[in-house]
Protein chains: 2
Amino acid sequence: MAKTDKRRQIMQAAEKLFAAGRFHEITTDEVARVARVGKGTIYRHFRDKEELFFETATSGFDELCDLLREKVPTGGAFGERLHEACVQITGFVRLRREWFGMRQSQERLLPCMAGGFSKRWLAKRQGLVAAVADILREGVAQKAIRADIPPDVLANFLLGLLRTRERDLADTPAALRKYQVVVDMFCRGAGAAGGHGSPGGKRGRRGRVSGKDSAR
Amino acid sequence: MAKTDKRRQIMQAAEKLFAAGRFHEITTDEVARVARVGKGTIYRHFRDKEELFFETATSGFDELCDLLREKVPTGGAFGERLHEACVQITGFVRLRREWFGMRQSQERLLPCMAGGFSKRWLAKRQGLVAAVADILREGVAQKAIRADIPPDVLANFLLGLLRTRERDLADTPAALRKYQVVVDMFCRGAGAAGGHGSPGGKRGRRGRVSGKDSAR
DNA sequence: AGCACAATACTGACTGGTCAGTACTGTTTC
DNA sequence: GAAACAGTACTGACCAGTCAGTATTGTGCT
């Protein structure tokens, strides 16, 4: 059995456990037991409990970034890309529910962590934001996404909306459909040149996010 | 010194500390020290550390609800009410930054808590959501807010957007202005009868959130 | 007022349990 | 046979919660 297998086993167990309980409530003995691994093996792969936690909490970012870059390649209609990105993100969140829950619960705690963890964490998260922002940037270029808000801010909004929704949704069959609400909200809110009545708004035009349908 | 003073001292210290570190990293000794109170006094006011934490983490919900009901009374133009609500919420968040940070960081941990904490927490949070939803409901009645998404879902979205923004913003003088982006996004996304190009969308009309400007 | 006494609030040194991390032994794998 | 491992016993730091003792406040009496 390759070394990386053990590492993965441990991380999977940690992910599961950390998702269900608080950091201090999860013992390394428990992680070892669930991972079907000797306790010492954990310390063979991770310096300490903090690092195990950090690596586990962070892993999803990389995976999701890879997924986005793979499944939502550059080029093609922007509307489709955005939609596909949302599908991938929500799909990933559903697939890796435990990681997602864990990330949610512990995100803001990490900056309090000792040493360089805080920066490493932010860098990881920023990677995901950047991946989403890249897609949105293309939308801006195609006049489908409003240009007055920086793409990375919009990317954060989108992720925030998905997150909000995720908190409320059980893992029901209807859940995926309900994510459409998020996409819908976002597209209307972030679409280019939309008119509205909120304070500060000035424009009177409205664009379609897909950038190709001209029903208006 | 009245009993409530000590209690408040303790809660203030706890809020400050819990905002900066994880539950298990904050010792009751530290809370006592910061609160300038004997350790035993904590246990005179709170059953245990969990309860101290819960009460502290929860207090802001009530305060914010009271604030909303006071400063955003029923009646009046919906657009103004929504705007005022956002101002109040963001103002509160800025004022009670520590509580907000703490709430953010520990929210999802609470459901893992023993006993009835989980339900009590959700109930408290639901109170805030309901307060915001009530305001939005009026917007629906006035045709300013779309009716196809339940008000409480929209309320969650709004709170989520504010939250997302809060995470990114330092406490700069420009910060308050930047919240307008959230309000703007939300109003466009949640405004009644808006056309857009997102998947599943069908409508072609667009309304103004303020519900009193008739540019369309 | 001044005193006695009770009730309540408070303090902080102490304790008992918990758990991260280590050490060691015997086993499997390559 | 050596490297990785499971299993387990061990240890030392750490910390939530306790409790015996002290301070403060309230009350009734003279």
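In what follows, every chain begins at residue 1, and chains take the letters A, B, ... in the order their sequences are listed.
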query = Quick one: are A:Leu82 and A:Leu136 in side-chain contact, heavy atoms under 4.5 Å?
reply = yes
ask   = Is the closest side-chain heavy-atom distance between A:Asp5 and A:Arg8 below 4.5 Å?
value = yes
key: Nearest-Å distance for atom pair CZ/P, residues A:Phe53 and C:dA20   = 14 Å
ask   = Can a side chain N or O of B:Arg44 be found less than 4.0 Å away from OP1 or OP2 on C:dC10?
value = no
request  = Would you classify A:Lys49 as touching base, sugar-phosphate or nothing, given that sugar-phosphate means primed atoms plus P, OP1 and OP2, and contacts are heavy atoms under 4.0 Å?
outcome  = sugar-phosphate
task = Tell me whether the OP1 or OP2 atom of C:dA9 has a side-chain N or O from B:His45 closer than 4.0 Å.
result = no
message = Rounding to an integer number of Å, can you tell me how far B:Arg33 CZ sits from D:dC15 P?
response = 13 Å
inquiry  = Taking the nucleotide of DNA chain C with the nearest heavy atom to each, does A:Gly40 or A:His24 sit closer to the 5' end?
reply    = A:His24
note = Taken to the nearest whole Å, CD/B:Glu25 to C1'/D:dC15 is 14 Å
query = Sequence neighbours excluded, which residues qualify as side chain to side chain contact (heavy atoms under 4.5 Å, CB included) partners of B:Ala32?
reply = B:Lys39, B:Ile42
request  = Send over the distance from A:Ile42 CD1 to C:dA23 P, rounded to a whole Å.
outcome  = 17 Å
query = How far apart are the C-alpha atoms of A:Asp66 and A:Lys71, what are their side-chain angles, what is the distance that settles it, and do they pass the salt bridge (Lys or Arg N to Asp or Glu O under 4.0 Å) test?
reply = CA-CA 8 Å; A:Asp66 291 346; A:Lys71 302 278 180 144; over 6 Å; no
message = Once side chain to side chain donor-acceptor pair (under 3.5 Å) is applied, do any residues pair with B:Gln126, and if so which ones, sequence neighbours excluded?
response = none
message = From CG of B:Asp29 over to P of D:dG17, roughly how many Å is that when rounded to an integer?
response = 12 Å
task = Determine the contact category for B:Thr27: base if any of its heavy atoms lies under 4.0 Å from a base atom, sugar-phosphate if only primed atoms, P, OP1 or OP2 are that close, otherwise nothing.
result = sugar-phosphate
key: Value in whole Å for how far the C1' atom of D:dG17 lies from CD of B:Glu51   = 14 Å
key: Residue whose closest nucleotide on DNA chain D lies nearer the 5' end, A:Val37 versus B:Tyr43   = A:Val37
message = Tell me whether the side-chain N or O atoms of B:Lys39 pair up with the base of D:dA16 as donor and acceptor below 3.5 Å, since no angle test is needed here.
response = yes
task = Check the distance between C:dC10's P and B:Phe46's CZ and give it to me in whole angstrom.
result = 11 Å
request  = Starting at atom CG of A:Leu52, determine the distance to atom C1' of C:dC19, rounded to an integer number of angstrom.
outcome  = 15 Å
